[in-house]
Amino acid sequence: MNNRELAEVFTLIADLSEIKGEIIYKTLAYRKAAENLAGLGRDVNEYWKENKLEEIPGVGKAIAEKIDELLRTGKLGFLEKLKKEVPSSLAEWLKVPGLGPKKVGLIWKMLKITTLMELEAAAKDGKLRDLPGMGGKSESAILTGLESLSRRSGRIPLGRAYPLAQEIIAQLEKVQGVIDAQPAGSLRRMRSTIGDLDILVAAKDSKPVMEAFTNLAGVVRVLGKGETKSSIEFGDGVRAQVWVHPPKKFGTALQYATGSKDHNVQLRQLALDQGLSLSEHSFAKVKDGKEIFCSTEEEVYQALGLPWIPPELREDRGEVQAAQQNKLPKLIKIKDIKADLQVHSNWSDGKLTMLEMAQAAAKRGIKVIAFTDHSVSLGVTGGLSMEDHKKQAAEIKKAQDKLGDSILILHASEVEIKADGTLDYPDKFLASLDLVLASLHTSLRQPREKATQRVLNAIRNPNVDIIGHPTGRLIPDREGADLDMDAVFNAATETGVALEINASPYRLDLDDMYARRAKELGIPISINTDAHSEADLDMLFYGVAIARRAWLTKNDVINCWSTKKLLDWLKKRG
DNA sequence: GCCGTTTTCGGCCCGACTGTTTTCAGTCG
């Protein structure tokens with residue numbers, strides 16, 4: 001079992017325990033463990049082999065024993081027993097917006113039904129409204145919740161959430177009296193997927209903001225509308241909420257709403273150490289309740305004796321301690337990026353010619369561009385034969401003449417790592433290219449050992465410079481290949497190959513946890529757009545965001561190096 | 001069930017909003 005599968009088991013335990021009515025903190029502990037397992041960045045099996053499961057945050061004796069049983073036998077007696085008490089299909093019910101564990105338990109016990117279909121039928125037949133504590137509104141809320149559940153497909157990719165939030169913010173900024181409007185929550189922390197869009201507005205009078213917000217184009221339902229908070233749903237099931245706070249409280253409010261929850265817990269503790277209670281609204285002196293207001297986040301952090309912490313770091317991954325010791329990393333910025341080392345042209349599946357693409361990149365301040373058109377076996381993309389490459393080289397020469405020294409073109413390839421683990425071109429040919437980026441696109445469902453071996457083969461080929469989107473995941477639809485990432489990192493450390501953070505918001509691969517681990521091991525990172533059109537060049541923004549979440553500085557990323565340093569590195573690699 | 005430079009027991013965020021209520025419970029973030 002891998003990290004994700006283990007996380008799913010503990011999430012299920014948490015869901016079923018909650019419906020059963022177990023102590024809430026027990027269920028929270030299971031959820032916490034599940035979250036930490038999913039985001040571990042290292043294979044749980046490694047901890048297990050070293051007998052160090054309890055070193056995983058949120059994993060104590062009881063959960064460590066359960067992981068051990070799962071890894072040894074693939075089963076868990078505790079869960080089997082729990083499922084006999086609480087049907088596991090009820091966990092699905094918790095995904096219905098407006099349905100929580102209490103009502104799920106109530107409906108299940110009173111009506112003796114267990115499936116979503118039965119739930120829908122019961123709601124339609126009017127059987128829910130007479131249950132204790134429920135009424136007509138709860139019943140129709142469950143029906144609409146079921147509807148929106150069928151519409152929405154889980155978390156929203158950052159690449160969809162971010163532009164949508166910017167549109168909403170642009171509309172709210174037009175409202176009279178609005179002084180500031182900012183994204184908050186996981187959106188502001190730039191997580192690769194977002195649950196709901198959170199937006200914070202500074203204004204003295206909230207009423208016109210709420211009016212404008214609930215009347216935005218595309219809103220199909222207003223889920224709530226109050227003085228400080230309102231919530232809406234769009235046609236595709238995406239939900240957004242806005243908080244309105246007076247400008248003098250905007251700093252504490254924005255800090256609070258940005259999270260993460262665990263980061264905020266840390267800050268509140270620091271506040272308490274100084275005799276202050278930190279809330280969404282203010283610092284309050286514990287002694288006399290006297291309030292201190294902060295209009296900016298900087299003031300909030302300053303009051304705690306900390307430098308401002310960039311939102312991307314606020315995940316309780318050591319950022320508070322680093323801030324206390326004045327050791328926050330100087331995070332990479334978009335303008336630090338001087339090279340784009342994965343770009344496609346119309347030689348394969350790109351939309352523009354190499355000249356057009358290079359000009360578009362130069363306009364954006366890029367000094368080196370590598371054309372990594374697909375290799376021969378990826379037929380659907382018009383992969384290039386070695387013969388094609390000769391012609392492409394001639395076109396590069398012509399384009400370079402036109403471009404002068406505004407931008408340097410590298411003749412490269414995104415060479416397929418084939419299902420059998422071999423690369424798509426012979427070594428001698430690979431050696432003739434300026435840069436070789438090797439990627440997985442096919443047979444991603446191979447068993448772990450086989451998939452891992454493919455990537456290791458590519459890493460150990462001395463002609464390969466970068467491993468492109470290492471796991472091959474697609475957000476939100478496709479998990480990446482089941483790779484032994486420890487083995488991948490070890491091999492990369494040995495050979496000095498660079499690992500990519502693919503900036504496409506539908507890839508973002510490596511993710512932040514893996515990228516951070518790679519940095520700690522000294523593995524060079526490459527952030528590339530994988531652009532197939534001019535607009536794709538602007539996706540660099542997302543890749544940099546993931547790099548920032550991974551604590552990367554410009555020194556960690558080969559795309560920030562001077563042209564000379566980059567060329568020397570490529571030359572040395574052969 | 002987890003965790004610990006004020007605790008190995010006793011905490012674990014809490015406020016806004018809604019709905020079913022006659023002062024509060026459930027859900028959500």
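All chains are named by letter (A, B, ...) in the order of the sequence lines, taking the proteins before the strands, and each is independently numbered beginning at 1.
Here A:Lys32 lies out of heavy-atom contact (under 4.0 Å) with every strand. Using a 4.0 Å heavy-atom distance criterion, A:Asp196 is classed as a sugar-phosphate-only contact.
Side-chain contact of A:Thr144 with A:Glu147: a donor-acceptor pair under 3.5 Å is absent, judged by distance alone. A donor-acceptor pair shorter than 3.5 Å can be found between the side chains of A:Glu319 and A:His263. A:Asn264 and A:Gln266 are not linked by any side-chain donor-acceptor pair at a separation below 3.5 angstrom, with hydrogens and angles left out of the test. Looking only at atom types and distance, the side chain of A:Ser260 has no donor-acceptor partner in the side chain of A:Arg314 under 3.5 Å away. For the residue pair A:Thr115/A:Glu118, the side-chain donor-acceptor check at 3.5 Å is satisfied. Between A:Glu22 and A:Ser17, the side chains place no donor N or O within less than 3.5 Å of an acceptor N or O (distance only, hydrogens not considered). When only modelled atom types and interatomic distance are considered, A:Tyr301 and A:Gln255 share a side-chain donor-acceptor pair under 3.5 Å.
Using a 4.0 Å cutoff to heavy atoms of chain A, the contacted part of DNA chain B runs 5' to 3' from B:dG1 to B:dG29.
Closest non-hydrogen pair, A:Pro132 versus A:Leu106, comes out as O-CD2, 3.5 Å.
Using a 4.0 Å cut-off between charged side-chain N and carboxylate O, A:Arg31 and A:Glu35 make no salt bridge. Comment: A:Asp236 engages A:Arg160 in a salt bridge, judged by a side-chain N to carboxylate O separation of less than 4.0 angstrom.
The separation of B:dG11 from B:dT6, taken at their C1' atoms, amounts to 14 Å, rounded to a whole angstrom. As rounded to the nearest Å, B:dC28 and B:dG10 have C1' atoms that lie 27 Å from one another. Comparing the C1' positions of B:dC3 and B:dT7 gives an interatomic distance of 10 Å, to the nearest angstrom. Taking atom C1' on both nucleotides, B:dT5 is separated from B:dG1 by 24 Å, rounded to a whole Å. Atom P of B:dT21 sits at a distance of 15 Å from the matching atom of B:dT27, rounded to the whole Å. Rounded to the nearest Å, the gap between the P atom of B:dC14 and that of B:dT23 is 26 Å. When the C1' atom is compared between B:dT8 and B:dC12, the two are found 16 Å apart, to the nearest whole Å. Taking atom P in both B:dG26 and B:dT20, the straight-line distance is 13 Å, to the nearest Å.
Across all strands shown, B:dC14 forms a Watson-Crick or G-U wobble pair with B:dG29, both key distances being under 3.5 Å.
Of the two residues contacting DNA chain B, namely A:Thr228 and A:Ala64, the nearest-nucleotide position lying further toward the 5' end is that of A:Ala64. Mapping A:Gly224 and A:Gln241 onto DNA chain B by nearest heavy atom places A:Gly224 closer to the 5' end of the strand.
Interface residues of residues 22-31 of chain A facing DNA chain B, ordered by number: A:Tyr25, A:Lys26, A:Ala29, A:Tyr30; criterion, heavy-atom separation under 4.0 Å. For DNA chain B, the residues of residues 121-142 of chain A within the heavy-atom distance limit of 4.0 Å (strictly under) are A:Gly133, A:Met134, A:Gly135, A:Gly136, A:Lys137, A:Ser138, sorted by number. Annotation: proximity of residues 51-63 of chain A to DNA chain B (heavy atom, distance under 4.0 Å) is found for A:Pro57, A:Gly58, A:Val59, A:Gly60, A:Lys61, A:Ala62, A:Ile63, numbered in ascending order.
Of the candidates A:Arg548, A:Arg517, A:Arg549, A:Asp512 forms a side-chain hydrogen bond (donor to acceptor under 3.5 Å, both in side chains) with just one, namely A:Arg549.
A salt bridge (charged side-chain N to carboxylate O under 4.0 Å, His left out) check over residues 237-260 of chain A, counting only residues at least two apart or in different chains, returns the pairs A:Glu233-A:Arg239. The stretch residues 95-116 of chain A participates, sequence neighbours left out, in these salt bridge (charged side-chain N to carboxylate O under 4.0 Å, His left out) pairs: A:Glu92-A:Lys95.
Here A:Tyr162 and A:Phe541 bring their ring centres to under 6.0 angstrom of each other.
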